[in-house]
Structure formats: C-alpha cells, structure tokens
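Here the structure is laid out as structure tokens; the discussion comes afterwards.
Chain identifiers are assigned alphabetically (A, B, ...) following the order of the sequence lines, protein sequences preceding nucleic acid strands; residue numbering begins at 1 within each chain.
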Amino acid sequence: MEAITAIKGFKDILPGETERWQYIERIAREIFTDFGFRELKVPILEKTDLFVRGIGDGTDIVEKEMYAFTDRGNERLSLRPEATAGVIRAYIEHALHTVEPLSKLFTIGPMFRRERPQKGRFRQFHQINVEVLGLDDPSIDAELILMLIHFLKSVDLTAIDLEINSLGCPVCRPAFREKITAYLYGREHDLCPDCVRRLRINPLRIFDCKVEGCKKALHDSPTLMESICPECTVHFNSVRDYLDIFDVPFKVNPRMVRGLDYYTRTAFEVTTTALGAQNAVAGGGRYNGLVKELGGPDSPGIGFAVGLERLAALIPITEAELTPGPALYIAPLGEVAKAWSFALCNYFRMLGIRADMGYGDKSLKSQMKRADKLKARTALILGENEINEGTAELRDMVSGTQEKISLDNFDHLAETIMNKVKEG
RNA sequence: GUGGGCGUAGCUCAACUGGUUAGAGUGUCGGGUUGUGGCCCCGAAGGUUGAGGGUUCAAGUCCCUUCGCUCACCCCA
C-alpha cells in the first residue's frame with residue numbers, strides 16, 4: 001500500500017521544532033499584550049468575495065494564488081491568503097468600532113497561497129498579524145513599528161533592516177500613478193518584459209524591479225515621495241520623528257511598494273539577507289480605505305504581518321528549545337512494581353511534577369538508558385525486593401549517587417525530587 | 001506559470017572510467033553474566049538505489065519517460 005504524503009508546500013512541524021514556535025508565540029503574546037493589543041481568532045475560510053474586495057482583484061494573490069472553491073452549498077469560499085481582510089470583516093460584523101473605537105488586535109495562524117514553494121515560501125505558512133483600527137495618528141504608526149522591532153529583538157533576531165516609505169493616499173497616489181505611467185510610456189523599450197506588463201497593471205511595482213535597465217529607466221523619473229500631497233508628507237515626517245525618539249534605525253526606501261492594493265501612506269518592511277530570495281521577515285502598512293471598502297465605517301487602519309517560518313529559520317537556538325527533561329523517571333521491575341509505578345508517576349504528574357516511566361517489560365538497563373536519553377533528573381528504581389519492604393532506590397542521574405527511600409510518604413518523596421531539580 | 005539542480009537505510013552521505021551478496025557514520029533495538037544510564041566494545045533490524053521503460057553479457061552508474069524534492073524568476077510574510 002502506497003503511503004500518502006503531505007501536499008506540496010504544506011509542512012509538518014515536528015517536536016524539536018515546535019518548541020521554537022511556542023517560544024516565538026509566547027514572546028509575541030507577552031509583548032503585544034504589554035503594548036495594549038488583544039488576541040482574536042478568525043476563521044481560515046472566508047467568502048471569496050471578502051478577499052476579492054479587500055486585497056484587490058488585480059493582485060497576483062487573488063488572481064492566481066488563492067485556494068478558492070465552491071462548497072457543497074454552492075458558496076464561493078477561499079482559504080485565507082492573508083489575515084487583514086478577515087480581521088476587518090470581524091471588526092465590522094461585531095461592530096467593534098462602536099464598542100471600542102480604537103481597536104488594537106492581533107491574531108496568529110496559517111495562511112494559504114498556491115505559489116511554487118521555495119526557500120522561505122510555502123503554500124501553507126504562518127503569520128502573526130497585528131492591526132490597529134480607528135486611528136490615523138502618525139504616533140500609532142510609529143508605535144506599531146516600534147513594537148515590531150522590539151519584538152524581533154526580543155527573540156534575538158539581529159541583522160535586520162527596517163525600510164519605510166509613504167505610498168500616498170487616494171488623493172495623491174492616483175495622480176502619481178498617472179504621472180509615472182506617462183513618464184514610462186516613452187521608455188517602454190528600456191523595460192524588461194515583466195515591467196512592460198507591470199506598466200499596465202501596477203506601474204508602481206516597477207520601482208521594485210531589480211533589472212538594471214529598469215532601474216536606469218527610472219533614474220530621473222518623478223518619485224512618489226516628492227509627489228505625495230502635503231497632508232501625506234506631514235504624516236510621514238511625523239512618523240519619522242516619532243521613530244527617532246526611540247532611535248529606531250530605519251531607511252527611507254522610496255522604491256518600496258507593497259503587493260496588496262489596499263495600502264495607503266505608511267508602508268514598511270523588515271528584511272534580512274539570510275533567507276535567500278525571500279528577504280521579508282515582516283511587512284505592513286496603513287490601509288485607510290479598507291474598512292469602508294469592506295462595508296464598514298470610514299475607519300482608518302494600519303497593520304503588519306510577521307512570517308513565522310521565516311522568523312523561526314532566522315533566530316538562534318534559544319534556551320527555551322532546550323526543554324529540561326523530567327524531574328523523575330520511574331523504572332519498575334515486575335508486575336507489582338508496575339502498579340506502583342503507574343500510581344506514583346501519575347500522582348506526581350497531578351502534583352505538577354514532570355514525570356515519566358518505563359512501560360512494558362524492559363530490562364532495567366534499557367529503562368535506565370531511556371531515563372538518560374530523556375535527560376531525567378532522577379530515576380526511581382522499583383524492584384520487587386524493595387517493594388516487599390516498602391522502599392525504592394532513588395538515583396540522582398547527575399551525580400550517579402543512589403539512596404534507599406521509603407514509599408510510605410509520596411509527598412516527602414516529591415519534595416526530595418523537586419529539591420534535586422532546584423539544585424540543577 | 002517559466003527555468004536550473006538533485007533523488008542510494010529514519011537522518012547525513014560513500015560506491016574509480018558500467019563489473020560479485022549496494023557500504024559507512026548517526027539513530028533505533030538487543031547484548032557485554034544475578035537488577036543500574038552516559039564512554040567504550042559486540043550484534044541485529046532497516047534499501048525493489050523515487051517509479052516505469054530502454055541499451056548491455058552486466059545498470060545505483062548510460063539513454064528516454066514520469067513522479068518527487070529543491071533553488072531561482074514571478075510574487076510576497
């Protein structure tokens with residue numbers, strides 16, 4: 001019988017790796033909570049229209065990367081390719097804007113995009129998503145970026161670059177778009193085939209192209225930065241000033257454009273050089289028109305996403321991954337001892353002591369080997385001789401010393417073991 | 001969707017220009033005299049060399065097809 005394998009681009013995260021994920025998520029929850037954010041969970045399946053309206057039907061994500069299908073009830077559904085649309089849907093649906101005009105939210109979970117997998121890119125991947133809804137003040141943009149950087153530093157991610165840009169607003173961006181389109185139409189022959197295509201679909205993305213000819217063609221083109229309206233400029237400068245208060249090092253990158261249509265004003269990206277071609281660890285920006293576009297009030301919003309696979313691949317081995325072994329490993333010999341072992345082991349566990357035991361009828365030698373492999377701090381040897389006289393041998397696995405102890409006081413035994421754990 | 005690289009034990013890799021029963025390390029299990037881990041020693045299990053076809057006296061090795069993985073383009077977290 002042929003074994004069934006996982007789907008292309010879908011990965012198992014095994015024990016040994018999950019510890020790192022737990023660590024990252026724990027730090028994220030702690031820090032985001034400190035900054036006043038609250039966690040919400042939204043479905044991974046939504047109506048396809050939510051993403052079409054939210055992300056934009058001209059984007060690659062919606063056009064060719066979504067896992068979209070019609071369910072048995074003839075509804076058009078999609079696995080979420082990103083989290084923001086779902087969060088905003090929930091925000092509108094539960095009228096959070098009336099309950100809590102300023103909502104600071106985060107969510108953690110899987111996203112799905114049907115792309116060709118490569119280093120740092122999977123079809124199911126995980127993101128931590130943070131959103132602030134109901135505030136356009138530049139200080140919140142800076143707060144969000146500050147929190148992101150603080151979080152990344154807290155999980156020991158170094159060697160990162162922060163780039164920020166302003167994408168303008170519905171007033172100034174379309175004007176710039178026309179301007180740049182007009183500028184490039186005379187220079188089409190200098191552009192790579194991809195950019196010729198981009199020129200019609202999303203000319204701003206040409207700024208992101210790495211091809212020399214395209215860079216050259218843009219050399220003295222108008223830039224978005226000098227074309228955005230005075231309000232956007234003031235907003236952007238204010239974000240920068242706020243970031244300077246905490247000496248957050250950033251680079252203004254006027255060429256940075258985001259892949260999703262909904263972004264306005266502040267856009268930012270945290271990149272690294274250690275991830276192959278997928279250099280973005282986190283990215284986000286402001287999306288002032290999105291809530292309204294999705295049928296809600298005209299609330300501004302800003303958010304970012306952190307790629308968990310990418311982050312997990314980048315951070316150094318942490319203390320948290322080296323989970324300590326059980327405080328106690330019980331090695332029973334014989335049927336009577338097995339019953340004692342079952343009782344003792346589970347009693348200790350319910351007391352909150354990490355305990356494990358030998359199952360089956362293994363030799364003492366193999367049980368001790370397992371105790372060693374699990375990095376048990378102590379081992380309790382329950383032999384028939386000892387059981388008969390109401391005792392057991394408690395072995396210190398670090399020092400190798402062993403003592404006979406009485407079995408008539410479990411709590412005293414528990415105390416002895418925990419003292420050993422404390423001394424390390 | 002387009003291109004490059006690679007598929008040999010669970011994992012990491014050997015096997016010269018095609019040439020006996022495809023090896024090693026690591027991991028797993030067992031043993032090294034009564035019931036004691038780590039280090040060391042011994043042993044066992046574990047492979048239709050991704051699959052299918054072809055060339056040849058002979059294919060892990062050469063050719064074709066196919067599947068899978070991987071990296072890059074594209075796009076993005």
Strictly under 3.5 Å: I want the nitrogen or oxygen pairs between protein and nucleotides 66-69 of chain B, one per line.
unit_1, atom_1, unit_2, atom_2, d
B:C69, OP2, A:K8, NZ, 3.1

For A:R89, enumerate each residue passing the salt bridge (charged side-chain N to carboxylate O under 4.0 Å, His left out) test, keeping only those at least two apart in sequence or located in another chain.
A:E46, A:E93

Contact class for A:A282 vs. all strands (heavy atom < 4.0 Å): base, sugar-phosphate, or nothing?
sugar-phosphate

Nucleotide N/O of nucleotides 47-49 of chain B paired with protein N/O under 3.5 Å:
none

Readout for nucleotides 31-42 of chain B: B = base within 4.0 Å of protein heavy atom, S = sugar-phosphate only, - = neither; 5' to 3' it is SB--BBBB----

Sequence neighbours left out, what pairs pass ring-ring contact (aromatic ring centres under 6.0 Å, His included) with at least one residue falling in residues 378-424 of chain A?
A:Y347-A:F410

Base-paired stems that RNA chain B participates in, counting runs of 3 or more Watson-Crick or G-U pairs under 3.5 Å:
B:1-7 with B:67-73, B:10-13 with B:23-26, B:28-32 with B:40-44, B:50-54 with B:62-66

Please tell me if A:Q278 has a side-chain N or O lying less than 4.0 Å from either OP1 or OP2 of B:C76.
no

Residue pairs involving residues 414-424 of chain A (criterion side-chain hydrogen bond (donor to acceptor under 3.5 Å, both in side chains); sequence neighbours excluded):
A:D396-A:K420

Tell me, please, which residues at least two apart from A:R265 pass salt bridge (charged side-chain N to carboxylate O under 4.0 Å, His left out).
A:D136

Would you please name every residue forming a salt bridge (charged side-chain N to carboxylate O under 4.0 Å, His left out) with A:K104, sequence neighbours left out?
A:E143

Could I get a table of every N or O pair under 3.5 Å where one atom is in the protein and the other is in nucleotides 2-8 of chain B?
unit_1, atom_1, unit_2, atom_2, d
B:U2, O4, A:R116, NH1, 3.3
B:U2, O4, A:R116, NH2, 3.2

Sequence neighbours excluded, the answer for salt bridge (charged side-chain N to carboxylate O under 4.0 Å, His left out) partners of A:E30 is A:R26

Side-chain donor-acceptor distances from residues 35-43 of chain A under 3.5 Å, at least two apart:
unit_1, atom_1, unit_2, atom_2, d
A:E39, OE1, A:R29, NE, 2.8
A:E39, OE2, A:R29, NH2, 3.0

